[in-house]
Amino acid sequence: MTPQELAAQIREAVLAAIAGGSLLLESGDVPAQIVVDRPKNPEHGDWSTNVAMQISAKANSNPRAVAQILVPLLNEIKGVAGVDIAGPGFINIKLSAASQGELAAAVVAARVDFGRGDSLAGRAINIEFISANPTGPLHLGHTRWAAVGDAIARVLETQGAKVAREFYINDRGVQMDKFGASVQARALGQAVPEDGYHGSYIDDLAKQIVAADPAILDLAADARLVAFREAAYKLQLAQQQGVLDGFNTHFDVWYSERSLHESAAVDRGFATLREQGHMFELDGATWLRTTDFGDDKDRVLVKADGELTYFASDTAYYVDKRNRGFDLCIYLLGADHHGYVHRLRAVSACAGDNPDVNIEVLIGQMVKMMKGGEEVRLSKRAGNIITLEDLVDEVGVDAARYSLIRYPVDSPLTLDLDLLIQRTNDNPVYYVQYAHARIASVIRNAADLGIIDADSANWNQADFDPSLLVHEREGQLLGLLADYPRVVSSAAQLREPHRIARHLEEVATGYHRFYDACRVLPQGDESATALTISRLWLCAAARQVIANGLDVLGVSAPERM
RNA sequence: GCCCGCAUAGCUCAGUGGAUAGAGCGUCUGCCUCCGGAGCAGAAGGUCGUAGGUUCGACUCCUACUGCGGGCACCA
């Protein structure tokens with residue numbers, strides 16, 4: 001029995017108590033979702049519910065008295081082995097081994113679908129992240145979003161949402177010109193302007209461009225600058241795309257700011273805002289009255305000199321996303337952009353949308369890196385850039401992704417490179433992957449011994465007797481596996497994939513503890529028993545949950561390490 | 001000045017109103033004739049920044065304060 005099924009049965013019991021007159025309550029007062037949690041203390045049973053405390057006030061009673069009424073009804077539920085009242089009114093439920101163990105077969109049968117749900121079915125979600133200028137390599141802040149943004153997209157997809165990962169290419173404006181001028185300067189053997197780009201990658205780009213087209217040096221000055229800018233742009237964008245591909249982060253849409261302007265999307269965006277009545281003229285400029293919707297000042301769209309602001313692009317871009325059919329636009333921004341939250345929400349409102357429904361802005365705090373006990377300073381314009389590739393070269397894609405994902409993004413993150421470089425269980429990704437590889441090894445050995453087929457898809461469920469899984473640590477492991485779908489669902493709802501990583505670490509611990517206490521395969525001249533088979537089912541279920549969870553994080557689940 | 005985030009063990013950090021606040025690292029102590037020791041078991045280590053409030057119940061929600069990080073543009 002899954003906790004979801006148990007919750008539904010508890011709800012039935014409460015409704016039955018109301019119908020029978022023992023609880024003086026309207027059926028509408030019963031929460032739609034009964035909370036069923038795993039108690040921290042195993043002595044408190046397999047599952048626990050606080051429903052008695054939730055409804056006691058409305059029933060004009062106290063929680064323990066309500067619990068007393070419910071206990072006999074809960075005892076009637078098939079698969080429930082015991083019900084206790086504890087503390088202020090918790091109801092602790094113990095399941096029979098058979099009922100709890102059935103879950104292993106359910107997991108093995110569901111395979112990659114275990115943990116998926118439909119709470120976001122039918123939603124079209126656009127999630128925009130990284131959106132770096134194509135003027136340099138991706139740095140650590142981008143890398144955090146590459147890992148977390150992709151993981152959020154994957155988590156949303158587990159709940160049935162149709163998700164588009166989108167990268168907004170800031171390929172318009174003075175930064176591009178500075179970039180082109182910097183590359184050109186290096187190609188001509190000149191010093192890069194003070195406010196230009198200084199990394200050694202600028203020299204590399206210059207060399208590549210000249211090597212591919214030596215005639216570029218003979219162009220007239222104006223044309224040459226443009227040629228360098230465009231050539232460097234193409235190379236740098238391709239470099240970012242290649243790096244993200246290797247990082248297992250694949251975008252569905254690469255949206256160029258230039259194309260936004262070329263496609264008249266800006267005009268369409270302005271038309272929408274004008275219809276809604278929030279644009280106005282002042283001092284020769286065109287403004288959006290974002291203060292109507294909580295911004296602290298109104299924002300300029302068109303400057304007095306006729307130039308569009310960057311904010312105009314942002315505004316048009318939002319309207320364009322909505323016109324492309326997305327009912328929710330998620331933005332992942334760095335902490336240095338947090339001032340944008342109010343104005344982006346105001347844009348949504350000015351366009352006639354509901355900011356609480358159609359837009360969501362998540363802010364990721366800074367990533368710091370320590371090396372040799374000192375902070376490594378990050379600077380995009382200075383040479384000393386810590387890039388995505390640097391991190392991956394040092395620790396690999398899996399460890400890089402995992403160590404960035406396992407923390408919530410709203411607190412600053414300090415990565416200790418010296419620790420991450422060590423391939424030890426200082427980095428929990430190895431701990432989780434090790435559990436997966438260990439299970440794979442056990443099942444491989446079982447197949448080699450002829451006990452069972454190597455592929456759990458071919459196992460016969462009739463051989464599996466869940467009632468044999470009576471060991472305390474088998475029960476704890478089953479409980480952790482049963483809780484996985486709820487963890488995924490809340491991770492999706494809260495846009496917090498780190499919850500999955502943390503749960504996988506618990507599952508890995510649960511498996512290692514089980515493995516330590518419960519011998520799976522026969523030893524010496526013993527032969528396989530029904531218990532051997534049942535434990536192999538539990539192993540396969542644990543392996544499936546770890547594999548599914550790692551997949552949501554975009555991290556590999558190795559058969560061997 | 002205003003806005004956003006954070007403050008939990010020596011360190012790095014989990015903890016979506018619930019029971020005795022957890023993990024890893026570090027320190028100390030145990031467990032390999034046998035399925036992967038990248039493992040397991042145990043010890044020590046906490047006024048959850050401070051003060052109020054809401055609640056049957058607060059690390060969690062609200063208010064103020066203190067400290068730390070980041071941000072304020074007709075820049076991009």
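Order of the sequence lines sets the chain letters (A, B, ...), proteins ahead of strands, with each chain counted from 1. Any value given below was found using the heavy atoms of this structure, including those in side chains, with hydrogens, waters and symmetry copies removed.
- At the heavy-atom level, A:G524 lies nowhere under 4.0 Å from the strands shown.
- For the C1' atom pair drawn from B:rG17 and B:rC32, the interatomic distance equals 46 Å after rounding to whole Å.
- Residue contacts shown for A:R535 are absent, as no nucleic acid heavy atom lies under 4.0 Å away.
- For the pair A:Y515 OH and B:rG39 P, the computed distance is 13 Å after rounding to whole Å.
- The gap from the C1' atom of B:rU29 to that of B:rA44 amounts to 11 Å, rounded to the nearest Å.
- Along RNA chain B, the nucleotide nearest A:W287 and the nucleotide nearest A:D37 are compared for position; the residue whose nucleotide lies closer to the 5' end is A:D37.
- B:rC56 sits 14 Å from B:rA19 when the C1' atoms are compared, rounded to a whole Å.
- Here CG of A:L70 is found 5.0 Å from CD1 of A:I91. Values are rounded to the nearest 0.5 Å.
- For B:rG46, there is no paired base (Watson-Crick or G-U wobble, both distances below 3.5 Å).
- Residue A:T509 has no polar side-chain atom (N or O) positioned under 4.0 Å from OP1 or OP2 of B:rA23.
- The distance from atom NZ of A:K40 to atom P of B:rG17 is 12 Å, rounded to the nearest whole Å.
- The partner of B:rC68 is B:rG5, by the rule that a Watson-Crick or G-U pair needs both atom distances under 3.5 Å.
- Using a 4.0 Å heavy-atom criterion, one finds that A:N62 contacts no nucleic acid atom at all.
- The partner of B:rU12 is B:rA23, judged by Watson-Crick or G-U wobble contacts that both fall below 3.5 Å.
- Listed for the A:R502 side chain is a donor-acceptor partner under 3.5 Å among the backbone atoms of A:R406.
- Along RNA chain B, the nucleotide nearest to A:I363 and the one nearest to A:R444 differ in position, and the one closer to the 5' end is contacted by A:I363.
- Going from atom NE2 of A:H337 over to atom P of B:rC4 covers 18 Å, rounded to whole Å.
- Residue A:Y407 is in sugar-phosphate contact alone, with no base atom involved, counting any heavy-atom pair closer than 4.0 Å across all strands shown.
- Remark: B:rC40 base-pairs with B:rG30; criterion is Watson-Crick or G-U wobble with both hydrogen-bond distances under 3.5 Å.
- If you check every strand for non-hydrogen atoms under 4.0 Å, A:E257 touches nothing.
- Base engagement by A:N50 is indicated by at least one non-hydrogen atom pair under 4.0 Å involving a base atom.
- In the interface, the side chain of A:H338 is paired with the base of B:rG70 through a donor and an acceptor atom under 3.5 Å apart.
- Listed pair A:S411 / B:rC6 fails the phosphate criterion, with no side-chain N or O lying under 4.0 Å from OP1 or OP2.
- Using a 4.0 Å heavy-atom distance criterion, A:L282 is classed as a base contact.
- Side-chain N/O atoms of A:K303 include one lying less than 4.0 angstrom from OP1 or OP2 on B:rC75.
- If you measure from atom CZ of A:R64 to atom P of B:rA19, you get 16 Å, rounded to the nearest angstrom.
- The same atom, P, is picked in B:rG70 and in B:rU16; the two are 27 Å apart, to the nearest Å.
- Relative to the side chain of A:H512, the nucleotides B:rC40, B:rC35, B:rG71 differ in distance, and B:rC40 lies closest.
- Glycosidic conformation of B:rC56 is anti; the angle lies outside 90° of 0.
- Under the 3.5 Å distance criterion, the side-chain polar atoms of A:D46 are left unmatched by any main-chain donor or acceptor of A:K94.
- Residue A:S56 is classed as having no contact, given no heavy-atom separation below 4.0 Å to the nucleic acid.
- With A:S313 as the partner, the side-chain contact (heavy atoms from CB on, under 4.5 Å) test is satisfied by one option alone out of A:L260, A:N170, A:L308: A:L260.
- Counting any heavy atom pair closer than 4.0 Å across all strands shown, A:V174 reaches sugar-phosphate atoms only and no base atom.
- Closest to the A:D516 side chain, of the nucleotides B:rC3, B:rC40, B:rG36, is B:rC40.
- Comparing B:rA7 with B:rG49, their C1' atoms are spaced 6 Å from each other, to the whole Å.
- When distances are taken from the side chain of A:M366 to each of B:rC13, B:rC74, B:rG70, the shortest belongs to B:rG70.
- Comparing B:rC35, B:rA19, B:rA14 by their nearest atom to the side chain of A:N445 picks out B:rC35.
- For the pair A:T49 (side chain) and A:V35 (backbone), a donor-acceptor distance under 3.5 Å is present.
- Nucleotides B:rC62 and B:rG45 are separated by 33 Å at their C1' atoms, to the nearest Å.
- Rounded to whole Å, atom P of B:rA38 lies 19 Å from atom CZ of A:R513.
- Among the candidates A:D356, A:D292, A:D295, the single residue satisfying the salt bridge (charged side-chain N to carboxylate O under 4.0 Å, His left out) test with A:R345 is A:D356.
- In the set B:rA19, B:rC3, B:rG36, the nucleotide with an atom closest to the side chain of A:Y434 is B:rG36.
- For the pair A:K178/A:P193, no side-chain contact is recorded, criterion being any heavy-atom separation below 4.5 Å from C-beta on.
- Rounded to whole Å, the separation between the C1' atoms of B:rA21 and B:rG5 comes to 23 Å.
- Listed nucleotides: B:rA19, B:rC35, B:rU20. Nearest to the side chain of A:L521: B:rC35.
- You won't find any donor-acceptor pair under 3.5 Å spanning the side chain of A:T414 and the base of B:rU12, going by distance alone.
- Evaluation of A:H44 against the base of B:rA19 yields a stacking contact (centre distance < 5.5 Å, interplanar angle < 30°).
- Between A:R299 and B:rA73 there is a side-chain N or O to OP1 or OP2 distance below 4.0 Å.
- As judged by a 4.0 angstrom heavy-atom cut-off over every strand, A:C539 is placed among residues making no nucleic acid contact.
- Taking atom C1' in both B:rG1 and B:rC11, the straight-line distance is 36 Å, to the nearest Å.
- Picking from B:rG39, B:rA19, B:rG69 the nucleotide with the shortest atom distance to the side chain of A:Y431 gives B:rG39.
- Using a 4.0 Å heavy-atom criterion, one finds that A:R343 contacts the sugar-phosphate atoms exclusively.
- Atom CD of A:E506 and atom C1' of B:rA14 are 9 Å apart (whole Å).
- Contact annotation: A:R499 does not reach the phosphate of B:rA14 (side-chain N/O to OP1 or OP2, under 4.0 Å).
- Ring pair A:F280/A:W287 is parallel by interplanar angle, where below 30° counts as parallel and above 60° as perpendicular.
- For A:D398 (side chain) and A:S556 (main-chain N/O), a donor-acceptor pair under 3.5 Å exists by modelled atom type.
- The nucleotide whose nearest atom lies closest to any side-chain atom of A:R486 is, among B:rU16, B:rG18, B:rC4, B:rU16.
- Atom-to-atom, CG of A:D314 to P of B:rA73 comes out at 13 Å; the value is rounded to the nearest Å.
- Nucleotide B:rG18 holds its P atom 10 Å from the CD atom of A:Q54, rounded to whole Å.
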Next on the checklist: Using side-chain contact (heavy atoms from CB on, under 4.5 Å), reason through A:F464 and A:W459 one step at a time and then give a plain yes or no.
Outcome noted: CA-CA 9 Å; A:F464 172 49; A:W459 294 2; over 6 Å; no
